[in-house]
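Quick notes on the structure that follows.
The chains referred to below are lettered A, B, ... by the order of the sequence lines, with proteins before strands, and numbering in each begins at 1. What you are looking at is a predicted structure, and each value in this text was computed from that prediction instead of being measured.
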Amino acid sequence: MPAHAVPQTGLPAFLEKHCESCHNPKKTKGKVDLSEMVNSSGKTDSELLIMMLDVLKGGDMPPEDEPQPSAGEKAVALDALNVLLLSSAAAPGRGNLVDHKTLFTEPTVRRAATPARLWRMSPHIFMQYANGLTRSRMMNTDGGREGGDGMHPAFAYMTPLHTFRDAAGIHLFEDATSELLFDACWEVAGRQLSEKGKGMKPKAIRAILMANPPTPQMWTDAIQTQFDLTIRREANAEEVSGLMALGEKTLKDTEVVTAVQTVLATILLRPDAVYRYEIGRGVPDALGRVRLADEEVARAISFALTDSGPDKEMLAALKAGELAKNEGVLAQVNRLLNDKVSQPRMVRFFQEYFEYPRVVEVFKDKSYPTFILAEQRITDADRLVTYILDEDRAVLRRLLTEDKLFAISDGGLGNAFFKSVVQKSYLPDYDIPSDWDWKGSQPVKPAVGRRSGMLTNPVWLLTFSDNEKNQAIQRGRWIYMKLLGGNIPDTPIGVDAVLPEAPHKTLRERMEVTRLEYCWRCHQHMDPLGLPLEQFNDFGRWRDTEVGKPVVTTGEIDIGDPALDGPVQDPYEMMTRLAASERVEQVFTRHVFRYLLGRNETPDDAPTLIDAHRAYSKAGGSFRALVASILTSDSFLLRTR
Amino acid sequence: MKPHPIHRRQFLSRLTLGASAPLLGPLLEQIAGAAEGELPPLRFLFVVEGNSLPPLQIHPEGIPFVERENRNKFSDTPLASLKLPVSLQPVEAYRDRLTIVQGLSGRMCTGGHSSDHGTLGCYAANNGRNVLGATVDGVLGTKFPGVFRNVVLGISSNLTKPVDFNLSASGPGRSLATLYDPKIAYSRLFGSVADGKARGEFVARQNILDHMRGDIKKAQRELGGIEKVKLDTYLESFESLGTRSSRLIELHDKIKDVAPTLDDKFSSLEPTDQLDAHFAMATASLIGGLSHCATIASGVGFPNMNVTFGGLGITRHKHILGHALYSQDDPTAWVECEKIRAFHFGLIARTMDALGKVPEGDGTMLDRTVIVYLSDGAETHHSRCFEWPMVILGHGGGRLIKGGHYLQYPDYGIPGHRTMNTMFNTLLHAAGAPRDDFGNLDPTLDVAMHRGPLAEMLA
């Protein structure tokens, strides 16, 4: 966790007066020592800051029997903590550190923009690009749903679990990945020249391969072709002569084909080929912001909605100067959103948000992963997402309350073995009878029990389970962070985070150990949200008993919002209340923003979020309207330097 | 071609260093040192096997096994009269260089299936999400680099996965790549000794590296400070790739002598073959001076750990074995785990044999090598890290105890208890880069339990 110097604020005095008598190096009550912060010379980490903000805000500290700070003192301390936390909030997974209310309060001046940046190509983009150049399926995403596996490792996602994978700020080519990138580009260039691959090689490439030695014109043509395919612009004279010299130098030691490969690979490795440039161009406005250059707009929109660069229509709009205006951008955004071409990347938002592709990593010793049919569960969940997205009404609400689901939605039962696995293990988890008539249309309502959206879908429940039990705590954490916009620090070092083995106890009973004061500080936010989902077992099957006792599904929402707070009887009541909440919609908006921008929101992005949420509501919960609003916002189109 | 003897100062003064100067400084010092006839740094091989090392599997016959909770004081038992357990029998010939260490704790790590980078770094890496600092192999590789600072090779349950970032790190947020594909690793390490077309390719690639440096510098100028870190890092990578590539050409003859034969094992999808190939490359890298610190990550982290050792006749993957180990009525799981472990120690013995045949100073390379074996899953399948069994082979040029010891530290938290940090301090002391503090602390233990080297391990 990055450490942050503590600035000179009223915080040290506050801590000294109200906290240090217990949290000093000798007492370290609750294993917390604040002496370094008091001295304001030391450093602290964001985990500790979150905890402090939490206990101060919630009134848990100082303890009731100690002198209490005045409202003013408390406000000063909270402000200081918030300032400290903002510097942490840019890190993936820490976006919620920015105060929610601030983000949805209209500022005096609208100043949203993104700092000028280079954004490393994502593995998905590289895959499309490599496959296109080589006229082949050189790479594919099979098994690559999480962590970049199956795609080229030079582009490995280094983002933490539970976050959107493609974060512009953290991905760069360093020693290890540059070497892998080098290998990848060398291979792509090699395949560009090989006889394999569909269709004809570009004319200039064919010509140069047949020459010995190539003429300067042939080199020029091949170089311009590669620039056109990769950088999407013409190479200037200096670039051409430099690359030609490289080709000719290499030709002294190798054959023509290797010399050409050398030149093509070098172009693929250029910084502007492996990074998306979002620099902006023109005269800065009064707030120091410039608009993305038109060609940057074309790429930014294309990569936000698809994994490919600008298509013909986009290039035409670029040429016609239409992308210089927001109306022109909106027209292109809407065109892509209404086309199936944007579906994979939109579905991937929901995959990463709900995290269900992680189901492939779940281990069950009594039922080997092949029998869980993890990939099938993902496909069925994707179908539910696209079903809701296609209708594009009340999208979030339906994702939280839909009572139907898809099961083996992509066709029949195939061979006898698959059929037997489906009948024995899959359908029961979906509460669909094993003798179900497969001719029925989907989605279907389960025959037993009741479902309420994605968090009660067997794929999600299985994802958040481990070998023998539900991960009620992790489920609660997900709801707290991703629907309510709260913060939970990582498990503190030294905590023995293992529930006691007690085969005759329910999970709820085993989780009573988290009620210890030190644990409950964080667990109070998670456990009551995760426990209503005890309605289902750790494979996602509905149940009414657990270890022979009637299942208890009560829980509580507590986020400081009267429209949400209060006890719930079961997951259905919880989901209905969450789905109706404006705050939950806003938190969802924040997540869509992160996915599309590749960064976390800052207080300056408030106007973008306000407009996006408004667009979503006004259009009756249209995801497309939400995305279109963000992609035409100042946050997306303007840059600061 | 034999290089001309050259004095360190002359050598260094002849070089004009670019952006990579800070990275290359220690390497150049060593090249100069070697030219003056100095001994190279100590060599280290870390072997990290996924899915835990139960303390009993490295407990010799002949003394009673004491459960952790009953270990009241430190004990040092000579191994001489004891019978090595099945797992360790392949290193029987090296029992006088063998030290078994029981009872160090590592509760500052995440535990569970794997402590990932925390295993060699002593911190909560949180499933590899938080690379909080350099791991001990990363520290050693940076301080005493060969052509490569570190060589990290490994296997995964996903047999076609070419690379991962799961164990070693050179600094905060800087995970090193674990190369899984033996062919990629071979071309990276030994590609310069290829002939014919492959040789031409090597030259071509060298030309790209030269050209790229110019391209990146131009981009830096054009962008005027925007995303400086990304471009600086990109340039640095190409600088160091270029330097490394030149060094590999210079060392051509030496590398050619040690490079393993590229046989079927390098393209096999059998974990035993892949591991065999990786050990061969790690050994050759150490002998050829390509690196002084090699690391083998055998199924480290989740789900890489789910390896099926079919080549040993085992049909269950290690995750299933891990769970079955708990089960008292499944003794075959225990036997299968021992078999897999013994396979690893067989490969370690082969490495030791090879090092023992190469003269160095007054002895052999083996005399100046330390091999460290442990699991990223500490003591059990769902580890809690109250103890972290380890095996050390080699005395590191006489800087560590000679071997033949069974060391058992007192239970967690009681006087005399020590943590994993102290083992890494010890290795760094032996290497000549002494540290008394390494990694993070376990807040429930006295700071002193983490500090300094293990006096009992130093000679």
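When the candidates E179(A), R117(A), E239(A), E174(A) are compared by the number of heavy-atom contacts under 4.5 Å with chain B, E179(A) comes out ahead. Between chain B and the residues L172(A), T266(A), T254(A), the most heavy-atom pairs under 4.5 angstrom are made by T266(A). Ranked by non-hydrogen atom pairs under 4.5 Å with chain B, the options G242(A), P271(A), P92(A), A116(A) are led by P271(A). When each of R188(B), R384(B), M212(B) is scored by its heavy-atom pairs under 4.5 Å with chain A, the top score falls to R188(B). Contact count versus chain B (heavy atoms, under 4.5 Å) is highest, among I170(A), D253(A), L251(A), L269(A), for L269(A).
With a threshold of 4.5 angstrom between heavy atoms, I279(A) approaches chain B through side-chain atoms but not through N, CA, C or O. With a threshold of 4.5 angstrom between heavy atoms, R641(A) approaches chain B through side-chain atoms but not through N, CA, C or O. With a 4.5 angstrom heavy-atom cutoff, E278(A) does not touch chain B via any of its atoms. Residue contact with chain B, scored on non-hydrogen atoms closer than 4.5 Å, is absent for V263(A). At a 4.5 Å heavy-atom cutoff, L445(B) makes no contact with chain A through either its backbone or its side chain. For a residue to count as touching a neighbouring chain, one of its non-hydrogen atoms must lie under 4.5 Å from one of that chain's; by this rule R205(B) touches chain A with backbone and side chain alike. Contacts between F386(B) and chain A at a heavy-atom distance below 4.5 Å involve the side chain alone, from C-beta outward. For I226(B), the part lying under 4.5 angstrom from a heavy atom of chain A is the side chain only. Both the backbone and the side chain of I208(B) come within contact range of chain A, each with at least one heavy atom under 4.5 Å from a heavy atom of that chain. Looking at L243(A), the atoms closer than 4.5 Å to chain B (heavy atoms on both sides) sit in the backbone and in the side chain alike.
Scored by the salt bridge (charged side-chain N to carboxylate O under 4.0 Å, His left out) test, E222(B) finds K218(B) as partners (sequence neighbours excluded). When the ring-ring contact (aromatic ring centres under 6.0 Å, His included) test is applied to H319(B), the partners found at least two apart in sequence or on another chain are F363(A), H113(B), F302(B), H323(B), H381(B).
Side-chain atoms of S170(B) and R149(B) include no donor-acceptor pair closer than 3.5 Å. Side chains of T258(A) and E255(A): a donor-acceptor N/O pair is absent below 3.5 angstrom, by distance only. Residues N158(B) and S156(B) bring no donor and acceptor atom of their side chains to less than 3.5 Å of each other. A side-chain donor-acceptor contact under 3.5 Å links D175(A) and S240(B). No side-chain donor from either of D215(B) and Y234(B) sits under 3.5 Å from a side-chain acceptor of the other. Remark: the T295(B) side chain and the D137(B) side chain contain an N/O donor-acceptor pair separated by less than 3.5 Å.
Between R639(A) and E296(A), no side-chain nitrogen of the basic residue sits less than 4.0 Å from a carboxylate oxygen of the acidic one, so the salt-bridge criterion is not met.
Side-chain atoms of L179(B) and Y186(B), non-hydrogen and from C-beta on, never get closer than 4.5 Å to each other.
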